Structures are given as structure tokens and as C-alpha cells.
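It should be emphasised that the depicted structure is a prediction, and the values quoted were computed from it without experimental measurement. When reading the values below, keep in mind they use all heavy atoms of this one structure, side chains included, and skip hydrogens, waters and symmetry mates.
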Amino acid sequence: MDAITIESKRPAGPRRKPPSRRPPTRRGRAVRRNLTAYGFLCAALFCFAMFAWWPIVRQVLLSFQETNLVDDPKWVGLENFRAVVEDPAFGQAWRNTFVFTLLALVCGYVVPFAVAIVLNELRHARAYLRFVVYLPVMLPPIVSVLLFRWFYDPGPGLFNQILDFVGLPTLAWLDSTDTALISLVIVSTWMNMGAGVLIYLAALQNIPGELYEAAELDGAGILKRIWNVTIPQTRLILLLMLMLQIVATMQVFIEPYMLTGGGPENATVTVAYLMYQYAFVYGGNYGAGSALGLMLMIVLLAVAAVQLRLTRDEKR
């Protein structure tokens, strides 16, 4: 006979309650929900700190030091600033930079706005023309510069061939002090015009059509409509683009470096190009190059401060 085993059951006691958890706070839920976003934010801040903010701090320190980036730096105070100011090329570089900026404002600021107005009025092939205008921006700057080097060639260059074809005298585009700087302005305008045109187009398309209709009923022509409707409605964008244009053109470097080397007779030496010469041509004078860069940064900060003040006044 098989033995029957009977399991003994323990008397049921009081059930233990699991430990109660405190409900997460609103801030804790928000942190947990946005943890990925905070991770991306930390990565972006790290990149900015390493590649944007630290170089600025390093430049300020180098401007007061004499160093070759190998041996221990020597603190020299304002000696680098004194040496830069006493350089005969200092005044020429600032004059060339301001003239380049002024010419670039005439060409690279006004022309894109006019092109955007024309494209905004078109009804056919608008997308194709946008692509054509923006195409130079997609090209690497070195490609555009080398292309214009061939255009400016005094012998078989395209521009001189066109002038010869229409019976006009040819020009020494990059070899003359009268035309070298404006030649660089043409290159810079062609390279960067597309981005400005698209920004202006986006601003123009946000202008209510009723304003143009009211202006037409009042008998306003196209120029009056542009002056009384288009420009007031895009004033903030125009001020912003003005500031960006000034900041970009005052740092011009690629065009004089690749096309003229600062010549002829220092006619195209800019502040940024002179900084390069101090650091990498004149025996590695990094302190003088940093001092000149700090001067340029102060000027650009002043321009940005004026622009912010004007923008604040416009918003009011």
C-alpha cells in the first residue's frame, strides 16, 4: 500500500505589504522624459566649449604672451599690441578691410535683395531659378575661387575675352591696385549670394498680399511698393542680414589668400590675412597674430552690439 504523504500547510499569517515607493516628482518625471535631450545638449555644449569658447580664451591669453606653442610662454603684456600697431601693414590692412566691407555691402547686400524681389514676382521656373542662384553656395569655396582665377586670367580669361569681344579694353583684374579689391568683392558676392536670396525670399513670402493690393489701388508703382511695403515689412531681416554681412566680410581671408596673396602692393591685405602672416609666415609670431585677432573681435562685438540695439528699437 502506497504511503500517502500529506503536505503540511503553514497557517496563513498576515501578508506583508511591499515597500511603498514615493511617487516621482514633476521635476523627476521631466528629467526622465527629457534625458535624451539633455544628453544631446551636453554633447553640444562640450563641442562648443572645446572648439569655440576655449579657442577664444586661448587667443586672449596668447595675445599677451610670446610663444612658439612648443616652449613655455613668456608674458609680455601689451608688447604684441604695440608691435602690431607700429607695423606699416596694420593701417593698410584695416583700410582694405573696411573698403572691402563697404563694397561688399553695395554688392553682396543690395544685389541679393533685388534678386529675391525679382524671383518673388515670377510665376514660372521659380524653383529652377532658386536652384541656380543657390548653386554657388553648395560648391566648396576653394572651387569657386579657382574658377574665378581662370575668369580673371589676363590672357585666356573669360572676362577679358568678353571685353575683347565687345570691343572694350581688357583689364589686369588681379594685377592692378585699382581692380584687385573689387575683383575679390565680385568673387565673394557670387559665392555667398544664394543664402541671402533664400532668406529674403522667405521674408517676402510672409508679407500679406493685401498690403500690395492696397498700394496698387492708391496708384503706387513698383518702386513705391518696394519702398513703402516691402522694406518696412522686412526691416528686421534686413538689419539681421546687415550685421551678418558686416561680420562675414570683415573676416575675409580665402579670396586674398588664394587669388592675390595680399598683392599687388598690399592692395588686398586684410586683417584676417595679416593675422595669418603673423602666425604662419613671419616666423610663427602667434602673439602678434592673436593680438590682431583680439582687436578684430572687439570691433565685431561693437558691430553686433549696435545691431542688437537697433533690433530692440525696431521691436518696440
What distance do Leu300 atom CG and Met250 atom CE have between them, rounded to the nearest 0.5 Å?
5.5 Å
Without swapping roles, check the side chain of Asn96 against the backbone of Val269 for a donor-acceptor pair under 3.5 Å.
yes
To the nearest 0.5 Å, how far apart are CG in Leu129 and CG in Leu201?
10.5 Å
Establish whether Phe40 and Phe46 are linked, either directly or via other cluster members, by ILVMFWY side-chain heavy-atom contacts under 4.5 Å.
no
Do you know which two heavy atoms are closest between Thr177 and Pro264, and how far apart they sit?
CG2-O, 3.5 Å
Report yes if the side chains of Leu274 and Thr270 come closer than 4.5 Å at any heavy-atom pair, otherwise no.
no
For Gln245, check side chain to side chain donor-acceptor pair (under 3.5 Å) against everything at least two apart and list the hits.
none
For Gln161, does the CD atom have more than 12 heavy-atom neighbours from other residues, nucleotides or ligands under 6.0 Å away?
yes
Below 4.5 Å, heavy atoms only, C-beta onward: do Tyr152 and Asn160 meet side chain to side chain?
no
Test of understanding: with side chain to side chain donor-acceptor pair (under 3.5 Å), list the residues that count as partners of Asp87, not counting sequence neighbours.
Tyr278
With hydrophobic residues grouped by side-chain heavy-atom distances under 4.5 Å, do Leu102 and Met241 end up in a single group?
no
Are Leu139 and Trp190 close enough, and set up right, to give a side-chain contact (heavy atoms from CB on, under 4.5 Å), and what steps lead you there?
CA-CA 11 Å; Leu139 295 176; Trp190 186 83; 4.1 Å; yes
With a 6.0 Å cut-off on ring centres, are Phe151 and Phe148 close enough?
yes
What do the steps show when you test Ile117 against Asn120 for side-chain contact (heavy atoms from CB on, under 4.5 Å), and what is the final call?
CA-CA 5 Å; Ile117 292 176; Asn120 191 54; 5.7 Å; no
Evaluate the ring planes of Tyr273 and Tyr276, with Trp represented by its six-membered ring, and classify them as parallel (under 30°), tilted (30 to 60°) or perpendicular (over 60°).
tilted
Using the rule that two of Ile, Leu, Val, Met, Phe, Trp, Tyr join whenever any of their side-chain heavy atoms come within less than 4.5 Å, decide whether Phe48 and Leu45 are in one cluster.
yes
Minimum heavy-atom separation for Met191 and Ser144, please, with both atom names.
CG-CB, 3.5 Å
Check the side chains of Asp153 and Trp173 for a donor-acceptor pair under 3.5 angstrom, ignoring hydrogens and angles.
no
Show the numbers, then the answer: is there a side-chain contact (heavy atoms from CB on, under 4.5 Å) between Val57 and Trp54?
CA-CA 5 Å; Val57 176; Trp54 169 243; 4.0 Å; yes
Spell out, yes or no, whether Phe253 and Ile186 are grouped together once hydrophobic residues are joined by side-chain heavy atoms under 4.5 Å, including indirect joins.
yes
Does any N or O in the side chain of Ser188 come within less than 3.5 Å of the main-chain N or O of Val185, such that one atom is a donor and the other an acceptor?
no
Within-4.5 Å side-chain heavy-atom neighbours: Leu105 and Thr249
no
Nearest heavy-atom approach of Ala203 to Ile237 is CB-CG1, 3.9 Å
Ring pair (Phe, Tyr, Trp, His ring centres under 6.0 Å) against Tyr109, all qualifying residues, sequence neighbours excluded
none
State plainly whether one hydrophobic cluster holds both Met193 and Phe113, where clusters connect Ile, Leu, Val, Met, Phe, Trp and Tyr through side-chain heavy atoms under 4.5 angstrom apart.
no
Flag if over 12 foreign heavy atoms under 6.0 Å of CH2, Trp227:
no
When rounded to the nearest 0.5 angstrom, what is the spacing between CG in Leu292 and CD in Gln59?
9.0 Å
Closest approach of Ile246 and Val303, non-hydrogen atoms and distance?
CG2-CG1, 3.8 Å
A quick test of your reading: do over 12 heavy atoms of other residues, nucleotides or ligands sit less than 6.0 Å from CD of Glu66?
no
Would you call Gln65 and Val76 a side-chain contact if the rule is heavy atoms closer than 4.5 Å?
no
Residue pair Tyr134, Arg130: steps toward the side-chain contact (heavy atoms from CB on, under 4.5 Å) verdict
CA-CA 6 Å; Tyr134 192 73; Arg130 286 179 186 174; over 6 Å; no
With a 4.5 Å cut-off on side-chain heavy atoms, are Leu119 and Val133 touching?
yes
Classify the ring geometry of Phe64 against Phe81: parallel below 30°, tilted from 30° to 60°, perpendicular beyond 60°.
tilted
Do Val137 and Asn192 come close enough that some side-chain heavy atom pair is under 4.5 Å?
no
Least distance between heavy atoms, Arg225 atom then Ala220 atom
NH1-O, 3.1 Å
Would you kindly say whether Thr268 and Thr260 are connected by a side-chain donor-acceptor distance under 3.5 Å?
yes
Answer whether the closest heavy-atom distance between the side chains of Met275 and Tyr286 falls below 4.5 Å.
no
One should read off an interatomic distance between Gln233 CD and Ile226 CD1, to the nearest 0.5 angstrom, of 14.0 Å
Rounded to the nearest 0.5 Å, what separates atom CD in Glu86 from atom CZ in Phe90?
11.0 Å
Is it true that, when you exclude Ile222 itself, more than 12 heavy atoms of the residues, nucleotides or ligands shown sit nearer than 6.0 Å to its CD1?
no
Would you call Leu294 and Met297 a side-chain contact if the rule is heavy atoms closer than 4.5 Å?
yes
The reported gap from CZ in Arg58 to OG in Ser290 (rounded to nearest 0.5 angstrom) is 8.5 Å
What is the minimum heavy-atom distance between Thr179 and Ile182, and which atoms define it?
O-CG2, 3.2 Å
